[in-house]
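In what follows, a single structure is set out as structure tokens and then discussed.
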Amino acid sequence: MKIDFWLLDINHEIVDARPEIRLWGIDSKGKRVLVRDKSFRPYFYLLAEDETAINRIADQIAKEKSQYPDVEKIGVLEKRFFGKKVKAIRVVCRDTEVIAKYAKSMAKIKGVEDHVEDDLRPSFRYIVDNDLRPCGWHRVEVRESLDQLDAQVDGVFDAAEAPTPIDRAGMPSLRILAFSIVCFSQRGAPKASRNPIVIISTCATGQKEKQFVADDSNERKIISNFVSYMQRYDPDVIVGYGSNRFDWPYLLERSKLMGAKLTVDRVRSGPHTSLYGHISVTGRANFDLFDLAEDIPEVKVKSLENVADFLGVVKRKERTLIDETELWPYWVDDKKRPTLLKFSIETSRSILGIASRMLDFAMQLASLTGLPLDHVEAAAVGFRVDWYLIKQAYKLGELIPRRVEQFYSPYRGAIVLPPKRGIHDKVAVLDFTAMYPNLMILHNLSPDTFIGPDEAPQNEITIVPEVNHRFRKDPPGFYKTVLSSLIAVREQIRKQLRTIDPKTIEYKILKEREKAVKVITNATYGYAGWVGARWYVREVAESAAAFGRVTIQEVIKAAGEIGLEVIYSDTDSIFVKHDASKTSLLLKRVKDELNMEIRPDKIYERILFTEAKKRYAGLLPDGTLDIVGMEVVRGDWANVAKNVQEKVLELVLKDKSPKRATEFVRRYIRDLREGKFELIDFIIWKTLTKPVEEYEVRAPHVEVAKRLLKEGWELTLGDKVGYVITKGLGKLFEKAKPYSMVSADELDLEYYLSNQIVPAALRVLEVLGVPEEELLGKERPGSLADYVR
DNA sequence: GCTCGTTGCTTACCT
DNA sequence: ACAGGTAAGCAACGAGCG
């Protein structure tokens, strides 16, 4: 019989010493199914130094049966490697474990030049070879499995053949479970070795919210109750916030200590660590929203409440908030405990809310890249691109290069023009649509079209300006093929979108798909210049950058000739004094002469530039402020400074009144001196980018981190440290303290005035000629008139 | 030993 | 753990100075 199923998770097992692929999905009737493919055999390729010797090598391996007992089949195939036709020996094995070992050993055989594709995980290999779409529909011929596994599904099937992806609208309705835990620790961060879990809160689609609360010492019970609830509800997706790093490892260790079984997956087993350092739950998709929060640059400190607030799930003001440093008093005090319970359930509620807004995008990314849902969420951008390219390479008959350590060698990037300082009225921004991808397509920049310095040039070639690298014009290279198709797909989605009602679910899903395609397209240039990339060839990225420089310079030159005043330019954009007819002339010229598309993006009513590059603020026609690069949008400035600067910008750009802006700052400072402030607005957040002991200088956030560590808090690479500057003598790092250990009256107001508030305000007002003394200093009646017309 | 300008480390941003 | 270009603060350094 044939069944249709939507692919949720995939893994591989060794059963009776044979590999077996397991596809976990949901069928068209909403039944949870497991499809097993026992026919899967892993393989890799060997390349020969001299292709005439290829059959001899293949024969030799076949003869060495004793050395390679798990080799099942050897064959010679026509493939491509970096665009060149090659003959490759395909070595098929019975066992997945031996692949890497055999490949390495066989690479030493005389005449063998290289080994490839031995570094692909079996389940990924299977996805690539069969063009499977995680979070997409498939059809497959199956028989009911004779050996029914103890799997928590409605049906177990043996695949008669590999599934094929099908076009089928809609998505099964998923059971999603959000969870969070609260641990009890009176000193420092909770340690699983000594501090118990006291609350587990869950929110799940179509379920009543549930809390598992330890009354005295029944932690074991709440864990097992949580586990049985998980089994009863049987979620498809489990979401947490920071769960890969905290909740899961904690639960694992506690359940081990308590002798409870954490059988939360669909094969009555526990969660395990997987490829991208995340926790995998077999048969379900375990999903940590914290990882996805990385993709929201607007949120600087990625706490759950901040992300929920930004996405409009739960406004910060409406949230019960307890700082992690003071959870325990809420637990021990009977009067306060209800607040803690509320905090905990609200945490899980927020998690479910965030999931409902982010899952669609993640699913589209999974389906596009071929990475299973839980992997795509955890994988960095580079690996998402990697997998997308691997899928495309397979379809094109290209061998997939191994990931090998490469020398890092930097190259020149884009051009940034110094802006014209001051305030300008009516400024239009023109920018290239996907400049780097289009340049790579236009000039066929690709690892397989690159002609090395020792290679003889052939046929028609392009010589890249400034860097003189050479590329074949034909045939189309790998990147050109892939990027063209991505751009075409995006165009097609856009066309489709125009025919659909924007209020429908279908529209939202397509929109998320478009976003996924865009993300992969835009990351390809960066990927090409990344030493970790499988298809890394520095010259490709270097050439794209060189073409980019030449191209934007041409545009700047043309703008000058047309008579458009260029105020600023960064990489692929120019800011010009607005003039509709001259602009359309420029657009046409760029299209005709450069073969590229430049597009008017927005027009600022007024825009302010300091002398610094990459920092400006503009007023849009709808009245919103677009603030770029300045303190307001930076996460490492205190709110007091950011708030002041934002207000100053507003007064300057909207009200055109530097005078009122100056008065505002003075009033703000006066209010501060009178004690009208809250500590939270003085916190400065900075990221730890390495382990504290590796720092060469004594920076405030590092000193604070050291102190927190000493007091038993856990801080690791990538964590944000929040500190404030307190009164006292000495260097800044000696005056910096963790914000949670300081009261408002200890703050060093003078520091915040002279190093945060005034500089932030002055950054703007300086442009308008307002001197520092005017903000800080004594009242000088009438002096404002000196510089404010 | 102190002051002051320079250098380098560090972080976070822009396209 | 996608690229390079950029601003900016602060610690550390070192020259100059009785």
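Convention: sequence-line order gives letters A, B, ...; per-chain numbering from 1.
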Inset, instruction - Take A:W535 and A:V540 through the test side chain to side chain contact (heavy atoms under 4.5 Å, CB included) and record every step on the way to the result. - result: CA-CA 10 Å; A:W535 281 273; A:V540 171; over 6 Å; no
Anything under 3.5 Å between a donor and an acceptor, one on a side chain of residues 399-414 of chain A, the other on a protein residue two or more places apart or in another chain? List them.
| unit_1 | atom_1 | unit_2 | atom_2 | d |
| --- | --- | --- | --- | --- |
| A:R402 | NE | A:H115 | O | 2.7 |
| A:R402 | NH1 | A:H115 | NE2 | 3.4 |
| A:R402 | NH2 | A:D114 | OD1 | 2.7 |
| A:R403 | NH1 | A:G532 | O | 2.4 |
| A:R403 | NH2 | A:D386 | OD2 | 2.2 |
| A:S409 | OG | A:R538 | NH1 | 3.1 |
| A:Y411 | OH | A:Y525 | OH | 2.9 |

Inset, instruction - Answer yes or no: is there a side-chain heavy-atom contact under 4.5 Å between A:M358 and A:D295? - result: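 In short, these two side chains do not touch, never coming nearer than 4.5 Å.
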Inset, instruction - Report yes if some heavy atom in the side chain of A:D572 is under 4.5 Å from a heavy atom in the side chain of A:Y436; otherwise report no. - result: no
Inset, instruction - Check every nucleotide of DNA chain C for an atom under 4.0 Å from a heavy-atom of chain A, then give the first and the last such nucleotide from 5' to 3'. - result: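 For DNA chain C, the relevant span reads C:dA1 to C:dA12.
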Inset, instruction - Name the residue closer to the 5' end of DNA chain C, choosing between A:G382 and A:K731 according to the nucleotide with the nearest heavy atom. - result: A:G382
Legend entry - Aromatic ring pairing A:F575/A:F609, orientation class (parallel under 30°, perpendicular over 60°, tilted between):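 Perpendicular: the ring planes of A:F575 and A:F609 meet at over 60°.
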Inset, instruction - Describe, in one word, how the ring planes of A:F290 and A:Y241 are oriented to each other, choosing from parallel (under 30°), tilted (30 to 60°) and perpendicular (over 60°). - result: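 The arrangement is perpendicular - the two ring planes meet at more than 60°.
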Legend entry - Euclidean distance for P, C:dC2 against B:dC9 (whole angstrom):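 Pairwise P distance, C:dC2 against B:dC9, rounds to 24 Å.
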With a 3.5 Å cut-off and sequence neighbours excluded, list the donor-acceptor pairs that the side chains of residues 697-704 of chain A form with protein atoms.
| unit_1 | atom_1 | unit_2 | atom_2 | d |
| --- | --- | --- | --- | --- |
| A:R698 | NE | A:E703 | OE2 | 3.4 |
| A:R698 | NH2 | A:E703 | OE1 | 3.2 |
| A:H701 | NE2 | A:T687 | O | 3.4 |
| A:E703 | OE2 | A:K706 | NZ | 3.4 |

Which part of the nucleic acid, if any, lies within contact of [X], taking any heavy atom under 4.0 Å across all strands shown: a base, the sugar-phosphate backbone alone, or nothing?
| X | answer |
| --- | --- |
| A:N755 | sugar-phosphate |
| A:R538 | nothing |
| A:A380 | sugar-phosphate |
| A:Y388 | nothing |

Could you list the donor-acceptor pairs under 3.5 angstrom formed between side-chain atoms of residues 722-734 of chain A and any protein atom two or more places apart in sequence or on another chain?
| unit_1 | atom_1 | unit_2 | atom_2 | d |
| --- | --- | --- | --- | --- |
| A:T726 | OG1 | A:K735 | O | 2.8 |
| A:K727 | NZ | A:D745 | O | 2.7 |
| A:E734 | OE1 | A:K731 | N | 2.6 |

Inset, instruction - Do nucleotides 9-15 of chain B as a string where each nucleotide becomes B, S or -: B if the base has a protein heavy atom under 4.0 Å, S if just the sugar-phosphate does, - if no protein is that close. - result: SSBBSBS
Inset, instruction - Could you give me the CA-CA distance, side-chain angles and deciding distance for A:E377 and A:H278, then say whether side-chain hydrogen bond (donor to acceptor under 3.5 Å, both in side chains) is met? - result: CA-CA 9 Å; A:E377 162 262 315; A:H278 68 288; 6.0 Å; no
Legend entry - Sorted by number, the residues of residues 398-424 of chain A with heavy-atom contact under 4.0 Å to DNA chain C: A:Y408, A:P410, A:Y411, A:R412, A:G413, A:A414, A:V416
Inset, instruction - Step through it carefully: locate the ring centre of A:H375, locate the ring centre of A:F124, and say whether they are under 6.0 Å apart. - result: yes
Inset, instruction - Given side-chain hydrogen bond (donor to acceptor under 3.5 Å, both in side chains), test A:N244 with A:D291 step by step and report yes or no. - result: CA-CA 9 Å; A:N244 281 337; A:D291 293 334; 3.3 Å; yes
